[in-house]
Amino acid sequence: MHRRKFLKNSSLTTAGLISAPVLSSCKTEPKMESAVQTEAIKPIVVCTWDFHNASTKAWEVLQKGGNALDAVEEGVRVEEADVTNETVGKGGRPDRDGNVTLDACIMDSAGNCGSVVYLQNIAHPISVARKVMEETPHIILAGKGAEQFAYEQGFKKEDLLTESTRRQYEEWKKESKYETIINIENHDTIGMLAIDAKGDIAGACTTSGMAYKVAGRVGDSPIIGAGLFVDNEVGAATATGVGEEVIRTVGSFLIVELMRQGKSPQEACEEGVKRIMEKNKDRKDFQIGFLAINKKGETGAYCVHPGFSYRKYDPNGHENVPSNSFYS
Ligand code: ASP
């Protein structure tokens, strides 16, 4: 059970939750109409899809009093290392030339962020992104430069293609047809958002991008504001699915801004998907999933087609939460 506290009228006015005209028209003390939950649910971690090993790892970090930034990095690293996950890190599917190219970004509660795009031969792009954030004056490093930087930081060179992804790629080459396949493991980024015991928020997002993409293609996942955005005053959001559509609406930033304007995480995610669908009338061939959390630890998600879900781990337990969708 969460402990709930109730604001007194005086603190409501202090917090500016009752507008001046309303107050000035009040002859008596305003009555509390509804209870306001002031105590945030924390710590808490959520991640896209049913990546329960990743959320478990992040929860372990948070439980031990670790901070949100370490939790999200440690959490998504689990999927980056898992070669049976063919959409993230080592074992991710390659581009159409057969090269595995990884995208990732990370953002902390102070608004610091780091990103790597089109990174090859390194299994943990999220940790390289964190190094970009912490060790350079820059935010994004790309391709060869990012790889060189990773070696300088002590990361080791690895072949990211596995027997399985090599075989699938050889099969794919026979027809060489790229198509987005809704909810099939063609694309499934892990985006993770956490609030630590101090109430600070951080997020991470990492992917091998769309399988068999054009060489050089970068999606939304490593783009701050598109695949991930954190605002420690408000909340955070992350995305999965066809990155081009998320970039066009700067999806994660949009969702955090909508929360800032008063929408719940759920309402904000729904509005984010609707904005995309307004630009894609009658187009049903792609999936997007948005996931958001606000400062209070309330969460929400929404997607284009059924099938998206997210993992949530908080003091109440660990669950896979199915998302509602634009199309039924
Ligand atoms: N958003 C990723 C991209 O466009 C793909 C995914 O979510 O699976 O690269």
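Quantities reported herein were computed from a predicted structural model and do not represent experimental measurements. Counting convention: from 1, in listed order, for ligands and their atoms alike.
- Between the side chain of Asp314 and the main chain of Asn316, a donor-acceptor pair closer than 3.5 Å is present.
- Contacts classified as ring-ring contact (aromatic ring centres under 6.0 Å, His included) and involving residues 247-285 (residues at least two apart or in different chains) are given here: Phe229-Phe253.
- Annotation for ligand 1: atoms under 4.0 Å from non-hydrogen atoms of Gly241 are 1 (N), 2 (C), 3 (C), 4 (O), 5 (C), 6 (C), 7 (O).
- Counting only distance, with no hydrogens or angles, the side chain of Thr238 and the backbone of Gly227 share a donor-acceptor pair below 3.5 Å.
- Judged purely by atom type and a 3.5 angstrom limit, Lys295 uses its side chain to pair as donor or acceptor with the backbone of Asn232.
- Atom CD of Glu175 is surrounded by 12 or fewer heavy atoms from other residues, nucleotides or ligands within 6.0 Å.
- Ring planes of Trp49 and Phe308: perpendicular class, angle over 60° (limits at 30 and 60°).
- The ligand atoms of ligand 1 that sit less than 4.0 angstrom from a heavy atom of Ser221 are 1 (N), 2 (C).
- Polar contact with ligand 1: present for Thr240 (N/O pair, distance under 3.5 Å).
- For ligand 1, none of its N or O atoms has an N or O atom of Gly219 under 3.5 Å away.
- At least one N or O atom of Gly243, backbone or side chain, sits closer than 3.5 Å to an N or O atom of ligand 1.
- Close to ligand 1: Arg217, with a non-hydrogen atom less than 4.0 angstrom away.
- Near Asp220, the atoms of ligand 1 lying under 4.0 angstrom from a non-hydrogen atom of the residue are 1 (N), 2 (C), 3 (C), 4 (O).
- Applying the ring-ring contact (aromatic ring centres under 6.0 Å, His included) criterion to His52, with sequence neighbours excluded, gives no partner residue.
- Near Thr189, meaning under 4.0 Å from any of its heavy atoms, are these atoms of ligand 1: 1 (N), 2 (C), 5 (C), 6 (C), 7 (O), 8 (O).
- Counting atoms of ligand 1 from 1 in the listed order, those under 4.0 Å from a heavy atom of Gly209 are 9 (O).
- At a 4.0 Å heavy-atom cut-off, ligand 1 touches Asp188 through the backbone alone.
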